[in-house]
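Below is one structure, written out as structure tokens, with a few remarks after it.
No experiment lies behind these values; they were computed from the predicted model shown. The sequence lines fix the lettering, A, B, ..., with proteins before strands; numbering per chain opens at 1.
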Amino acid sequence: MTVRVRFAPSPTGFLHVGGGRTALYNWLFARHHGGALVLRSDDTDAGRSTDEFRSDILESLTWLGIDWDEGIEVGGPHGTYRQSDRFHRYREVAETLVASGAAYYDEATPEDLQAMRDDAARAGASPVYDGRHRLSEIDAAARIEAGDAPPVRFAVSRPGETRFEDAVRGEVVFDHTNVDDFVILRGDGSPTYHLASTVDDVDYGITHVVRGEDILSSTPKHILITKAMGAGLPIYGHLSLLNGPDGKKLSKRHGDTAIRAYREAGYLSQAVVNFLAILGWSPGEDEEIVSLEEMVTRFDLGSVSKNPAVFDTTKLEWMNGVYIRAMDVAEFSDQARPLIEEDLGRPLDDAEISALGSIAPLVQERAKLFTEVAPMVRFLFVGEVAYDEWSWEKVMSTPEAGVALQGAQAALAAAEWSVEGVEAALRAMLDEHGLSARKGLQPLRVALTGSSVSPPLFESIVALGREAAVARFRRALESI
RNA sequence: GCCCCCAUCGUCCAGCGGCCUAGGACGCCGGCCUUUCAAGCCGGUAACACGGGUUCGAAUCCCGUUGGGGGCGCCA
């Protein structure tokens with residue numbers, strides 16, 4: 001049997017990190033077993049579903065490196081893969097279920113239901129609706145005839161129980177005294193999530209339903225519908241949810257939760273996908289930096305962690321730095337350039353591009369995020385640098401500052417123009433004035449870059465150019 | 001209130017009855033390197049929630065408690 005899994009987001013929001021992880025695990029599972037991933041849009045809620053969200057989900061998945069074999073956009077033998085296009089099919093199944101006695105038309109009002117739940121809470125029992133307002137066939141037919149179709153509920157057999165072997169959690173049992181008779185078709189003829197999702201899983205031949213733990217308690221309902229349809233059951237696997245650093249459900253107040261936010265913040269997709277994979281799963285051994293290919297060969301649903309993970313981006317930042325350093329230098333420059341040009345508000349000319357190229361490797365090993373690059377190299381492309389106040393105070397107040405700035409101008413004027421040449425000239429100047437490297441070079445750094453934190457000094461001087469470097473030392477000296 | 005799931009360092013993960021005086025990673029702290037900051041290297045800090053069992057032997061199995069999460073919609 002070929003493995004067929006699905007990722008079925010509702011386009012009611014941007015793809016968030018939890019959804020991205022669920023998609024990733026489905027993808028890894030499919031690829032590991034040489035199976036197929038189906039992407040479907042669970043958009044039965046027309047009011048909240050939008051095209052903007054739908055395309056964000058597609059873009060985010062693609063950015064992460066997750067592709068799908070069937071479904072939205074790529075097509076396949078099952079139509080549009082949008083539930084909003086399949087209402088007729090859900091209705092047809094609902095009617096079949098009514099005909100077979102597995103479901104019934106029901107006239108319980110919201111007030112009836114609420115009253116029952118209140119009674120149950122008082123009695124310390126499960127708040128379960130048992131179908132007491134079930135409509136007779138004749139009454140139901142009359143209501144339908146009158147254009148006032150009542151909702152359809154699934155009849156849960158009581159007494160009874162549903163047990164299944166969850167691929168990540170093991171055996172799970174639900175006694176039917178705790179499972180309601182649930183609505184599968186609303187009064188307006190639209191399907192509920194339980195019906196639509198289950199029918200699609202059956203119709204699309206899904207073999208493994210891998211989804212979030214938030215749906216674990218709904219699984220008995222899905223199993224019951226599947227059985228009533230006379231279909232074989234898929235294997236279910238429920239992934240634990242992601243929490244915020246405070247241990248509470250991950251939400252906006254914990255910071256960015258949308259995948260797109262990480263793309264925009266300068267994260268590399270490989271880092272994000274690697275981080276998401278490690279959050280709740282271990283590739284084995286002690287290695288945590290692992291490529292998608294390696295993940296595919298090692299992935300196993302049974303080894304996915306059962307406990308909820310805290311989404312803490314500290315490690316993601318480190319990991320992003322690892323991936324940045326692993327990049328090809330040219331590729332790094334190419335990706336950084338647009339950000340730098342945006343920061344400057346103008347394109348770089350050829351000389352500047354070459355200057356960028358020369359310090360790129362130095363910046364690459366210092367950046368954790370792409371958004372940090374522009375501030376680090378800005379000094380190369382502006383006429384005058386803005387001095388960081390804290391740096392200036394700390395460095396320029398020493399008596400050595402003036403000596404160094406004065407001496408450096410002469411040293412550079414005479415230096416052979418190479419990193420080695422500049423270093424030799426400056427070190428000779430330091431010796432001549434009896435200055436330590438620390439005391440003598442920091443003023444030059446602040447004068448050159450505006451900050452006491454910068455890429456290595458000699459390389460920076462050479463990249464900037466003799467004229468500009470000397471001018472900056474002169475200006476700083478005058479400003480003391 | 002009822003049901004389900006979960007429980008190892010601050011965080012993520014390893015451990016699936018003896019190899020555990022509990023391992024790795026991130027973070028944090030210290031050192032080395034060094035023109036700053038990084039990177040790199042070395043070292044350190046820090047956990048089996050609690051209580052009962054089972055067993056010759058429990059982080060590992062069972063029960064309970066506590067804690068956390070999820071669910072209980074004509075939302076998905």
Applying a 4.0 Å non-hydrogen cut-off, can you work out what [X] is touching in the nucleic acid: base, sugar-phosphate, or nothing?
X       : value
V173(A) : sugar-phosphate
D180(A) : sugar-phosphate
S217(A) : base
G124(A) : sugar-phosphate
S305(A) : sugar-phosphate
T44(A)  : sugar-phosphate
G280(A) : sugar-phosphate
H238(A) : nothing
R122(A) : nothing

Quick check: [Y] with [X] (ring centres under 6.0 Å apart)?
X       : Y       : result
Y323(A) : Y267(A) : no
F311(A) : F275(A) : yes
F370(A) : F332(A) : yes
H208(A) : F29(A)  : yes
Y90(A)  : H194(A) : no

Report all interatomic pairs (protein N or O, nucleotide N or O of nucleotides 59-69 of chain B) with separations under 3.5 Å.
unit_1, atom_1, unit_2, atom_2, d
G69(B), OP1, K248(A), NZ, 2.8

Would you mind reading off the distance between [X] atom [atom1] and [N] atom [atom2], rounded to a whole angstrom?
X       : N      : atom1 : atom2 : result
Y105(A) : C74(B) : OH    : P     : 17 Å
R117(A) : G71(B) : CZ    : P     : 15 Å
L279(A) : C26(B) : CG    : C1'   : 12 Å
K315(A) : C9(B)  : NZ    : P     : 14 Å
R211(A) : C5(B)  : CZ    : C1'   : 14 Å
W281(A) : G24(B) : CH2   : P     : 20 Å
F174(A) : G70(B) : CZ    : C1'   : 10 Å
N307(A) : A7(B)  : CG    : C1'   : 7 Å

Side-chain heavy atoms of K368(A) within contact of N320(A), under 4.5 Å: no
Report yes if the side chains of L477(A) and P443(A) come closer than 4.5 Å at any heavy-atom pair, otherwise no.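 Answer no - side chains too far apart.
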Identity of whatever pairs with [N] - Watson-Crick or G-U, under 3.5 angstrom:
N      : result
G73(B) : none
A39(B) : none
A47(B) : none

What residues form a side chain to side chain contact (heavy atoms under 4.5 Å, CB included) with F53(A), not counting sequence neighbours?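 F53(A): side chain to side chain contact (heavy atoms under 4.5 Å, CB included) contacts with P11(A), F14(A), T50(A).
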With a 3.5 Å cut-off and heavy atoms only, can you find an N or O donor on one side and an acceptor on the other between the side chain of K306(A) and the base of C6(B)? no
Using atom C1' of each nucleotide, how far apart are C5(B) and G27(B) to the nearest Å?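 Approximately 29 Å lies between the C1' atom of C5(B) and that of G27(B).
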Stepwise side chain to side chain contact (heavy atoms under 4.5 Å, CB included) check, V17(A) with I259(A): CA-CA 6 Å; V17(A) 291; I259(A) 294 288; 4.0 Å; yes
Does R153(A) reach the main-chain N or O of Y104(A) with its side chain, forming a donor-acceptor pair under 3.5 Å?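 No.
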Can you check each nucleotide of nucleotides 33-46 of chain B against protein heavy atoms at under 4.0 Å and return B for base, S for sugar-phosphate only, - for none, in 5' to 3' order? --BBBBSS------
